[in-house]
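Below, each value reflects all heavy atoms present in this structure, side chains not excepted, and no hydrogens, waters or symmetry copies. Starting from 1, each residue takes its place in the sequence as its number. Both ligands and their constituent atoms are indexed starting at 1 by order of listing.
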Amino acid sequence: MAKEIRAAKLNTEQFVSEKVREIRKIVGKGIAINALSGGVDSSVVTALGHRALGDRLKTFFIDNGLMRQNEPKQVKIIFQSLGIPIELFDARRDFFKALKGITDPEEKREAITQTFYKKVFGELVVRSGAKHLLQGTILTDIDETVAGIKRQHNVFEQLGIDPQKAFGYKIIEPLIQLRKDGVRKVGAALGLPASIFDRIPFPGPALAARVLGEVTPDRVKIVRKATAIVEKELSGMKVFQYLAILHEDRVTGMRDGKRDFGLQIEIRCWDSVDARSAEVTRLPYETLEKIAGKIVKEVPGVVSVTYNITPKPPSTIEAV
Ligand code: XMP
């Protein structure tokens, strides 16, 4: 198990130069590839990998159809302005096909893992000639996977899976000793803008982690709209993370004087340092009311908005 480096003890300069050296040594004269989702960890690993390998790192933004509003375009623009080229890869059909009919949370995560690493990356690796995949796994991902809480989509070795055998390429994980607070420090040291390294976390399985029941393009569209509203209204808050979840069950509501058996959205907002435990943020009631009002007005079919008031544990940050 990787030895933890606590954020308070982290010497970012030393960390960056050590990791740059390690990545160069492992990749040699070859090519590495990685996927950027725009989340904090994958952004930091992209910047680190680019510092180590320059244009021998091929970075893809894989559009899995599960990203937030405008995410693919925005992420591409930010990284281009940093001189890091990103290639967009449209894999929406593959992911929705793999998710069709699945309602169990762990099966959903497994479908995403297989589609991402075997199908999409399998093909990209062969096409690019890369032997290594660089990825931003952090210590919290491993803890939760090993403890059997959630199968984080990016953890293999600790589960006895050899990526070389399973997928045909090696995985390099330079952030494995850090937690989110340490990753943010490294992001700042690498010159990433605060809009990237100080972003709220976003999970690897993306919006699929926030859809209970089957993940279909239509249901993702609903949670995406609700997410955009929650993110806009809470963006100035000094909190760890906020999100919207689409529930599987419908509830009886009324609209225009008629019965409307509609959808439920749950809002969550968390205070946390490293995501291992989290407290519910005591949001002002007016803020909650404003968000609920906007969601029922702007997101078609929603008749109920609730706020989660249970800390982690026993809750977890995401719903799936
Ligand atoms: P949970 O829901 O387990 O989330 O309390 C803890 C933190 O991790 C994020 N998260 C993930 N990140 N791959 C990731 O890279 C995943 O599969 C994954 N699942 C959850 C979550 O957003 C929270 O910040």
Heavy atoms only: which of Pro203, Ser277, Gly39 lies closest to atom 10 (N) of ligand 1?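 Heavy atom nearest to atom 10 (N) of ligand 1 belongs to Pro203.
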Among all protein heavy atoms in this structure, tell me which lies nearest to atom 4 (O) of ligand 1, with the distance rounded to 0.1 Å.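 Nearest protein contact, heavy atoms only, for atom 4 (O) of ligand 1 is Ile317 CB, 3.8 Å.
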For atom 18 (C) of ligand 1, grab the closest protein heavy atom and report residue, atom and distance to one decimal in Å.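 The protein heavy atom lying closest is Gln152 OE1, 2.8 Å.
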Just one of Asn11, Val16, Leu10 clears the side chain to side chain contact (heavy atoms under 4.5 Å, CB included) bar with Glu13, so which one?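 Going through the options one by one, the only one that passes is Asn11.
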Do any nitrogen or oxygen atoms of [X] lie less than 3.5 angstrom from nitrogen or oxygen atoms of ligand 1?
X      : result
Glu318 : yes
Gly204 : yes
Ala275 : no
Arg109 : yes

Does Pro205 come within less than 4.0 Å of ligand 1, judged by its heavy atoms?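 Yes, Pro205 has heavy atoms under 4.0 Å from ligand 1.
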For [X], the ligand 1 atoms whose distance to one of its heavy atoms is below 4.0 Å:
X      : result
Lys312 : 1 (P), 3 (O), 5 (O), 6 (C)
Gln241 : 21 (C), 22 (O), 23 (C), 24 (O)
Lys150 : 1 (P), 2 (O), 3 (O)
Glu144 : 1 (P), 3 (O)

Is [X] salt-bridged to [Y], going by a charged N under 4.0 Å from an acidic O?
X      : Y      : answer
Lys19  : Glu22  : yes
Glu71  : Arg199 : yes
Arg68  : Glu231 : yes
Glu214 : Lys100 : no

If we set the cut-off at 4.0 Å for heavy atoms, which region of Pro201 has an atom near ligand 1: side chain, backbone, both, or neither?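 Only the side chain of Pro201 comes within reach of ligand 1.
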I need the full list of ring-ring contact (aromatic ring centres under 6.0 Å, His included) pairs touching residues 116-141, with sequence neighbours left out, sorted by first then second residue.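 Qualifying pairs: Phe116-Phe121, Phe116-His153, Tyr117-Phe156, Tyr117-Phe167.
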Do Asp274 and Thr140 pair up side chain to side chain, a donor and an acceptor below 3.5 Å, judged on atom types alone?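 There is no such pair (donor and acceptor under 3.5 Å, judged by atom type) between the side chains of Asp274 and Thr140.
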Check whether any side-chain N or O of Arg179 sits under 3.5 Å from a backbone N or O of Ile138 as a donor-acceptor pair, and report yes or no.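 Absent.
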In Å and rounded to the nearest 0.5 Å, what is the CD1 to CD1 distance from Ile245 to Ile265?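 Result: 9.0 Å between the selected atoms.
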